[in-house]
Every structure is written in C-alpha cells, then in structure tokens.
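Down below is the structure, laid out as structure tokens.
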Amino acid sequence: LPFKRLESFNVFERSLLCLPMLHLFEYSPEVPLIYQAYSKHSDSITVEFGVVSGATSYIIRAENEDGFFSESLVDTSPGTVVGLLPYTQFTLSVMSVNTGGRSQPSLPLNARTVLVAPDLLSSSPSSDTIVIEWDPVDHAVLYSLVMTMVGSDMWVRLNTTQTNVTFTDLQPGSTYSIKGNAWDPDGNQGDDITIYQITRPPVPGPVQVLLTLSRSIELSVYWQTVRGANEYIAVSSMGQNCSSSLDAYCIISPLSCSQNHTITVTAENEAGPSDPSAPQDLLTFPCPPELVWIEEPTTGNCSVSWSEVQWVDYYIAYVKRDDGLETNCNTTGTTCYFQCICGYTYLLTVFAYNLAGSSPPGQRVNYTTIPCCPEDLSVSLISTETLEISWSPVRGAELYETIAADGSEWIHCNDTAPVCALSDLTCDSLYSVVVRPCSETQGCNNTCSAHTRRTAPCAPVILNVTQVNSSIVEVFWMATNTEANYTVIAMGLTDTLTCSSSSTSCYISVSCGSTYEVSAYATTTAGQSLPSYSIPLETGPCCPETLSVEQVTQSMTNITWSTATGAQSYVTSLTSPRGHARCHTMDTHCLLGCITCGTSYNVSLEAFSITGHKSECSYHGFSASTCCPSSVRLYRMDNSTLRVYWHSSPGLYNYTADLYGTRSNYTCSATHGANGCDISKILCGEVYTVVVAPLTQEGSKVTYCPRKLYSVSCSGNTVGMGVYSN
C-alpha cells in the first residue's frame with residue numbers, strides 16, 4: 001500500500017491493518033512531548049514527558065554548548081539523566097523507541113543542574129558548642145543548616161552567607177545531626193549533606209581522693225560518671241595519671257613519700273576532653289632524711305644534722321648511748337644538739353612528721369666519741385736529737401699517736417704502749433709534743449694539750465772562706481741556732497788560729513801563700529754542737545815587691561816585676577779611659593802592645609796560685625810618651641836654609657828635628673807645640689836622614705819615632721824625598 005496517514009484509511013482498510021497475520025512491518029512511534037525538566041541532585045536532571053502508544057522505551061538526550069552529549073535509555077516517564085556536571089545548563093530532548101526504531105526528538109527543553117552540597121567539617125571545642133566549617137561552593141549565594149539532637153524532635157535551622165557557623169548552648173555529651181545545602185542565585189536548593197557531631201562531655205562530678213595501703217601506697221581517685229564520656233583520666237601534679245573507661249575510679253601507683261598531689265579528672269569522647277574537675281589535694285607522709293651526720297665541734301658538745309625534707313612539719317631525733325641512756329630532740333629545723341662524753345658510742349635516728357603521719361625509719365648513724373686525753377704526760381731529752389715521751393693509759397684508747405712538730409716538720413710515733421721515743425729530730429728546734437689517743441671508729445683526739453722541749457744546738461755549716469787581703473780571711477757559716485756562739489779553728493802546718501762570733505762570720509789573720517784546715521762549732525745553753533766538716537783554706541799568693549814599666553815603641557811597653565811567693569802565673573794590666581792592655585804569663589816580665597801615646601795608665605797586677613787563688617796588686621801609674629809627629633816634610637829656603645815641617649799632636653809639646661848626612665849633621669828645636677823649625681847653611685848634594693821626635697817631661701828625646709830620607713840637590717830649589725827607614 002502506498003504510504004498515507006492513518007486517518008485517511010477507511011474502515012475496511014483499518015480492519016485489514018489489525019490482522020496480525022497480515023503485519024509485514026511496524027512503524028516507529030510518535031514523538032513524545034516533554035512536560036517539564038528539573039534537577040534535585042547536582043549530577044542529574046529528571047525529565048517528565050507524555051508516554052506514546054506503541055513505544056517500548058524512551059531515550060533522553062542531554063547536550064550543552066561545551067560539546068557534552070549523552071543519551072540515556074529509560075522505560076517510562078519520568079526519566080533521569082545522570083553523570084552531569086553540577087550547576088550546568090543542558091538542552092534536553094526525548095525520543096520514543098520500539099522495534100520499528102526511534103522517533104524524532106521532541107521539542108528541546110533547557111534545564112540546569114543544582115549546586116553540590118558543601119563539604120561540612122565539624123568540631124566541638126567545648127561541651128556546649130559545635131563549630132561547622134566548609135569551603136565556599138561555586139555560584140552559591142546562601143547556605144542552609146538544620147541541626148537536630150539525635151533522639152529529640154528539637155531542631156534549629158540557620159541560613160547564612162558565611163562559611164562557618166557556631167552552635168552554642170548545646171547539651172554536653174550529646175550527638176547532633178547537621179544537614180546542609182547551598183542555594184544558587186535563582187533560588188534553587190542544592191544537594192543535601194548530613195553529618196553527625198557529639199559535644200564534649202561535661203565535667204565529671206565531685207572527685208574524692210584517698211590513700212590506700214596494700215603492698216605499696218596507692219592513691220584512689222573516685223568520681224561520678226557523666227553523659228557521653230567514653231573514658232576518664234585522673235592526672236596528678238606529680239606527673240602520674242590513671243584512666244578508666246568502665247569504672248568510676250582509678251588508682252595512681254606507686255606513690256612516693258613527701259609528695260603533694262593535686263588531682264584533676266577529665267572525661268573524654270570522640271570530640272575531645274572535658275574541662276578538668278575542681279582540683280583535690282593530697283599530701284603523702286614525709287620521706288626520712290636522706291643524709292644524717294654527727295659533728296663534735298668541741299669536746300663533749302655534739303650536734304646531729306640531716307638533709308631537709310619537703311612537706312615536713314617537724315622532726316624528732318632519737319639519741320641512745322651504749323650504756324642505755326636515751327634522749328630525744330624535737331625541732332622544726334635540721335639540727336639538734338646533745339652532750340657527748342668521750343669514750344662512748346651513740347646511736348641516732350631521725351623521723352620526719354606531717355599531717356599524713358610519720359616517715360619510715362631513716363638512716364641510722366653510729367657515733368663513737370674520742371678517747372680522753374692523758375693527763376700525766378712527761379717529755380725528756382735522752383740524746384741531742386731524741387725525745388722520750390711517757391704517760392698513763394686512758395680509757396677507750398686502742399692506739400696512741402705521738403706527734404712532735406717544730407713548725408717545719410712533723411714526726412709521728414704510733415704505738416699501743418703508753419711510751420714513745422722520737423729520734424732523728426731537728427737540732428736546736430723547739431718541739432711541740434702532743435699525744436693523741438685513738439679509737440678505730442672515731443679516730444684520734446685532736447684536743448689534747450701540747451708540751452714543748454728544745455733539742456741540742458746544730459753544728460754550723462761553713463759556707464765560704466773569703467780572702468779579704470793578703471793577711472786576712474773572712475769565714476762565713478750558716479747559723480740556724482737560737483742565741484748561739486760560734487768558734488772557728490784554722491789549723492795550719494805551723495800554727496793554729498781561732499776567731500769567735502755570735503753572728504755568721506769572723507776574721508782570721510793569716511799569712512799569704514799558706515794552707516789551713518778550717519772548722520767551726522756552736523755553743524748554746526744546751527751545750528756544744530759537734531764540729532762542722534773541715535774545709536781547706538789556701539791563702540792568695542803574695543804580691544811582687546817591685547814592678548817597672550818601660551816604653552819600647554810608640555804603642556808597646558815592657559813590664560817587669562820580682563818573683564811573688566805562692567804565685568804561679570800573673571796578669572798585668574794597663575788601663576785608661578782611652579783603652580786598656582793586658583797580658584797573662586808565667587814569667588816575671590810581659591810585653592804589652594796597643595797602648596795609646598800621650599795617655600796616662602793605671603798599672604795593676606794579679607797573682608794566681610796553682611789552684612786559682614788570686615791576689616790583686618796595684619802600683620804607681622805610667623804615662624806613655626807624646627805621639628811622634630806625622631807628615632814630616634823638608635822645604636828648601638833662601639840662603640842654603642832648610643825648613644823642617646810636621647803635624648804634631650794637640651798640646652804644648654817640645655820637639656827636636658835631627659838631620660844626619662854623610663858629611664855633617666844638623667839639629668833644630670820647636671817648643672810649645674810649634675810644628676816646624678829652620679836649619680841654615682845646609683850642604684847640598686847630600687842625602688839626609690830626618691828624624692822628628694817629641695821630648696819627654698824629663699827632657700829626654702823619644703828614640704822610636706820613624707825616619708825619612710831626603711836628597712838635597714845643589715841645582716834648583718828641589719828637595720827629593722827618599723824611602724822610609726827605621
């Protein structure tokens with residue numbers, strides 16, 4: 001049949017179409033009509049449309065301007081498209097489907113998905129407060145929150161444009177449901193979200209603390225349970241705690257003495273802890289003192305002291321003597337005083353007390369007093385350096401310690417017998433002797449009186465023997481005695497010499513070139529010391545009786561002297577402010593060089609023995625002659641006259657000029673420091689030896705000045721100078 005609309009068929013034709021056996025194919029259904037489209041969730045849109053006869057299912061198409069496209073198959077109306085983006089505009093259309101195919105899309109309809117729900121975060125900072133926070137939702141202009149206490153029909157609704165809300169005046173330990181959503185600018189409500197939050201529990205009820213005794217001391221904490229609490233924690237100010245989730249008590253253990261506990265209890269649940277309960281204080285019994293010690297500052301007066309203990313009201317110290325006598329001392333301090341007699345043992349214990357009771361027994365201290373001092377002590381000198389000490393035995397002494405001290409050394413003698421000998425003492429020393437009785441537990445009695453005794457004088461020690469001059473020596477010794485006189489003996493081969501003094505030296509007249517053995521001894525009221533060790537004495541050699549000085553050249557002298565008794569070698573010296581010269585020789589003469597002309601010298605000689613002893617000898621002075629003139633020249637003058645010219649030393653000295661020729665000799669003089677003189681009637685054609693020399697103070701001519709040769713010709717005015725000659 002040609003295709004035509006159903007309305008154009010007649011009744012017969014329509015009846016033929018209704019015969020199943022004659023159905024050759026089926027036409028696609030009609031296009032449905034969309035009634036409305038809306039979004040209740042941010043990822044879906046629901047479409048309501050009219051159902052079409054003959055349609056077995058429907059396809060909902062969703063697309064947008066960003067290229068999104070999806071088709072969802074639904075059975076009937078309404079149908080929902082899922083997997084969409086929140087708050088997005090979509091174009092929707094519906095097609096009906098049967099075995100003949102799908103119809104044309106319906107007329108499109110625009111719809112927008114709603115906003116997503118805010119991501120709510122909750123907390124309970126206190127037992128009556130819940131804080132809700134969330135991040136801003138895109139395109140949201142308003143937020144709605146509905147809070148309902150679980151198990152109650154009471155609810156609160158709140159609209160806000162903020163991103164946090166605080167609910168106050170809530171029930172402690174109660175669970176609340178919070179439902180929230182966001183609103184878009186068109187007034188559409190977004191997705192829902194529901195969370196649950198419990199408030200913190202209330203403060204636990206009245207708290208009680210008790211001390212309990214078992215194997216150890218424990219602290220029991222009791223409280224009343226509160227709503228909404230999962231666990232309870234009791235905390236002590238001493239850093240200890242206990243907890244319980246089922247019972248209304250817990251136990252803090254172990255406890256220590258001298259502790260002041262401040263206890264608070266908090267209840268906890270998922271939201272956090274409650275505020276702490278009102279503090280409860282509990283003081284434990286005090287600890288015993290850790291340190292207890294006894295001192296005896298003076299004999300017979302003792303003190304017991306101990307370390308301070310916290311949380312103590314007072315102390316009691318119990319003192320028991322070994323003969324049964326007992327006493328005690330009650331004090332708020334840390335020291336008690338009691339009388340203690342020498343030779344006894346005391347047992348002491350200290351207890352501490354407070355409102356909780358007494359401390360356990362503490363450290364027990366034994367104290368044994370020192371033995372008493374002996375009274376009939378005797379000290380006697382049995383040799384020059386030995387003291388014997390004796391006394392009567394005293395009660396409680398197990399050992400006696402005898403000490404002798406002279407201020408520089410201590411000598412000990414320990415013995416169980418009441419007698420002691422102290423030997424090898426220092427001579428001429430005043431010793432303080434003390435006998436100290438001792439016991440094993442306490443030690444020695446340091447309060448005993450001292451007795452004094454002086455030992456015999458010390459033998460002097462000769463330090464040095466110094467030769468003052470050729471006939472006197474001075475002997476020096478070390479004087480360590482008190483108010484002692486000293487005698488020195490010098491024994492020679494032919495004589496014995498002595499001197500005495502209360503000082504540390506004395507003089508003995510001796511002969512030069514002699515040897516002696518010198519010793520000394522000391523004498524005090526205690527007696528005479530042993531003689532000192534002898535030392536040899538060799539006196540210095542004698543000085544030469546004669547000495548002479550002769551000047552050999554302008555810078556050299558010859559010194560000679562007579563032989564000296566006891567001398568092996570000599571050192572002669574010429575000294576002046578302008579220099580000095582000396583020589584060392586075993587002869588009795590010496591040649592000295594490097595002297596300065598025109599200078600006065602001091603002459604001295606040192607004579608040395610074979611062992612090195614020295615004698616210093618002084619003699620009359622020596623004056624070196626005036627220096628020879630320099631730059632001697634001859635000048636030829638008129639009338640056969642020669643002028644002799646030279647450079648002289650500063651000063652008003654007299655000079656002579658001598659010319660020696662083969663045929664004749666000439667002489668001229670200059671006085672008062674003049675530097676030239678003239679010689680007339682000189683024979684020419686001669687070679688002259690010219691010598692210019694100063695005169696000594698005695699008027700004699702110096703013989704060691706240098707010579708010069710000059711040739712005097714007969715033609716012209718020249719004077720030729722030759723070579724030097726001495």
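If you're wondering where the values come from, they're calculated on a predicted model, not measured in any experiment. Each residue takes its place number in the sequence, starting with 1.
Between Tyr507 and Val475, every side-chain heavy-atom pair lies at or beyond the 4.5 Å cut-off. By the 4.5 Å heavy-atom criterion applied to side chains, Ser609 and Glu538 are counted as neighbours. At a threshold of 4.5 Å between non-hydrogen side-chain atoms, the residues Lys320 and Leu348 do not count as touching. Side-chain contact between Thr266 and Asp275 is absent, with no heavy atoms from C-beta onward closer than 4.5 Å. Inter-residue side-chain proximity for Val465 and Phe476 is flagged as unmet; no heavy-atom pair is nearer than 4.5 Å. Residues Pro201 and Pro172 have side chains not in contact (no heavy-atom distance under 4.5 Å, counting atoms from C-beta outward). Under the 4.5 Å side-chain criterion, counting only non-hydrogen atoms from C-beta, Ile403 is in contact with Arg436. Using a 4.5 Å heavy-atom threshold, the side chains of Leu497 and Val510 count as touching.
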Check residues 386-393 and write down every donor-acceptor pair under 3.5 Å in which the side-chain atom is one partner and the other belongs to a residue at least two apart or another chain.
from   : atom 1 : to     : atom 2 : distance (Å)
Thr386 : OG1    : Ser383 : OG     : 2.9
Ser392 : OG     : Asp376 : OD1    : 3.2
Ser392 : OG     : Asp376 : OD2    : 2.2

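For the pair Asp406 (side chain) and Ser432 (backbone), a donor-acceptor distance under 3.5 Å is absent. At least one donor-acceptor pair closer than 3.5 Å links the side chain of Glu398 to the backbone N or O of Glu440. Checked by atom type and distance alone, the side chain of Ser237 pairs as donor or acceptor with a backbone atom of Thr262 at under 3.5 Å. The closest donor-acceptor contact from the side chain of Ser277 to the backbone of Thr264 lies at 3.5 Å or more, if one exists at all. Of the possible donor and acceptor atoms, one in the side chain of Gln363 sits under 3.5 Å from a partner among the backbone N and O of Val292. Counting only distance, with no hydrogens or angles, the side chain of Ser519 and the backbone of Pro531 share no donor-acceptor pair below 3.5 Å. In this structure, Thr284 contributes its side chain and Gln259 its backbone to a donor-acceptor pair below 3.5 Å. Here the side chain of Ser244 pairs a donor or acceptor atom with the backbone of Asp247 at under 3.5 angstrom. For the pair Asn485 (side chain) and Thr487 (backbone), a donor-acceptor distance under 3.5 Å is absent. Although no hydrogens or angles enter the test, the distance criterion places a donor-acceptor pair under 3.5 Å between the side chain of Ser529 and the main chain of Ala522.
Closest approach of Ile198 to Ala271, counting heavy atoms only: O-CB, 3.2 Å. Gly205 and Val226 get closest at one heavy-atom pair: N-CG1, 4.2 Å. Taking each heavy atom of Val309 and Pro289 in turn, the nearest pair found is CG2-CA, 3.7 Å. The two atoms that bring Val209 and Leu282 nearest to each other are CG2-CB, 4.2 Å, heavy atoms only. Shown here for Thr199 and Gln171, the closest heavy-atom pair between the two residues is OG1-O, 2.7 Å. What you find for Pro286 and Val312 is that their closest heavy atoms are CB-CG2, 3.6 Å.
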Problem set entry | Ile489/Glu517 under side-chain contact (heavy atoms from CB on, under 4.5 Å): CA gap, chis, key distance, verdict | CA-CA 8 Å; Ile489 301 175; Glu517 292 294 329; over 6 Å; no
Problem set entry | Chi angles and distances behind the side chain to side chain donor-acceptor pair (under 3.5 Å) call for Ser429, Thr455 | CA-CA 6 Å; Ser429 293; Thr455 56; 4.8 Å; no
Exercise. Going through the distances and angles, do Gln197 and Thr175 end up as a side-chain contact (heavy atoms from CB on, under 4.5 Å)?
Worked result: CA-CA 6 Å; Gln197 175 65 50; Thr175 302; over 6 Å; no
Problem set entry | Stepwise side-chain contact (heavy atoms from CB on, under 4.5 Å) test for Trp293 and Val365 | CA-CA 7 Å; Trp293 65 94; Val365 180; over 6 Å; no
For this session: Would you check, one step at a time, whether the test side-chain contact (heavy atoms from CB on, under 4.5 Å) holds for Gln240 with His261?
Result: CA-CA 9 Å; Gln240 297 174 281; His261 291 265; 3.5 Å; yes
For this session: Step by step, work out the side chain to side chain donor-acceptor pair (under 3.5 Å) result for Glu409 and Thr426.
Result: CA-CA 9 Å; Glu409 65 172 348; Thr426 303; 2.4 Å; yes
Problem set entry | Audit row: Glu474, Thr466, side chain to side chain donor-acceptor pair (under 3.5 Å) steps and yes/no | CA-CA 5 Å; Glu474 185 176 6; Thr466 302; over 6 Å; no
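Residues Asn481 and Thr524 have side chains that never bring a donor and an acceptor to within less than 3.5 angstrom of each other. Between Tyr367 and Glu296, the side chains place a donor N or O and an acceptor N or O closer than 3.5 Å (distance only, hydrogens not considered). Side-chain atoms of Thr298 and Asn301 form a donor-acceptor pair, as typed in the model, at a separation below 3.5 Å. Between the side chains of Ser174 and Arg227, at least one donor-acceptor pair of N or O atoms lies under 3.5 Å.
A distance below 6.0 Å separates the ring centres of Trp306 and Tyr315. For Phe338 and Tyr346, the gap between ring centers is short of 6.0 Å.
Among residues two or more places apart in sequence or in another chain, the side chain to side chain contact (heavy atoms under 4.5 Å, CB included) test is passed with Asn328 by Ile316, Tyr318. Among residues two or more places apart in sequence or in another chain, the side chain to side chain contact (heavy atoms under 4.5 Å, CB included) test is passed with Thr166 by Thr129, Val131, Thr168. By the ring pair (Phe, Tyr, Trp, His ring centres under 6.0 Å) test, Tyr533 pairs with no residue at all, sequence neighbours left out.
Summarising the geometry, atom CG belonging to Leu399 is positioned 6.5 Å from atom SG belonging to Cys444; distances are rounded to the nearest 0.5 Å. Taking CD1 of Ile252 as the start and CG of Leu219 as the end, the distance is 5.5 Å to the nearest 0.5 Å. To the nearest 0.5 Å, the span separating OG on Ser532 from CH2 on Trp477 amounts to 10.0 Å. Between atom CG of residue Asn269 and atom OG of residue Ser274 there is a gap of 8.5 Å, rounded to the nearest 0.5 Å. To the nearest 0.5 Å, the span separating OG on Ser358 from OH on Tyr353 amounts to 4.0 Å. A distance of 12.0 Å separates CD1 in Ile462 from OG in Ser505, rounded to the nearest 0.5 Å.
The 12-atom threshold is not exceeded at CD of Glu290, counting heavy atoms of other residues, nucleotides or ligands nearer than 6.0 Å. Other residues, nucleotides and ligands contribute over 12 non-hydrogen atoms within 6.0 Å of the CD atom of Glu326. Taking a 6.0 Å sphere around CD1 of Ile610, one finds it holds 12 or fewer heavy atoms contributed by other residues, nucleotides or ligands.
Pairs of residues two or more places apart, or lying in two chains, that qualify as disulfide bond (SG atoms under 2.5 Å apart) and include a residue from residues 256-298 are Cys257-Cys287. Applying the disulfide bond (SG atoms under 2.5 Å apart) definition to pairs two or more places apart or across chains, those involving residues 289-324 are Cys302-Cys340.
For the pair Arg453 and Tyr431, the cation-pi test (distance below 6.0 Å, angle within 45°) is failed.
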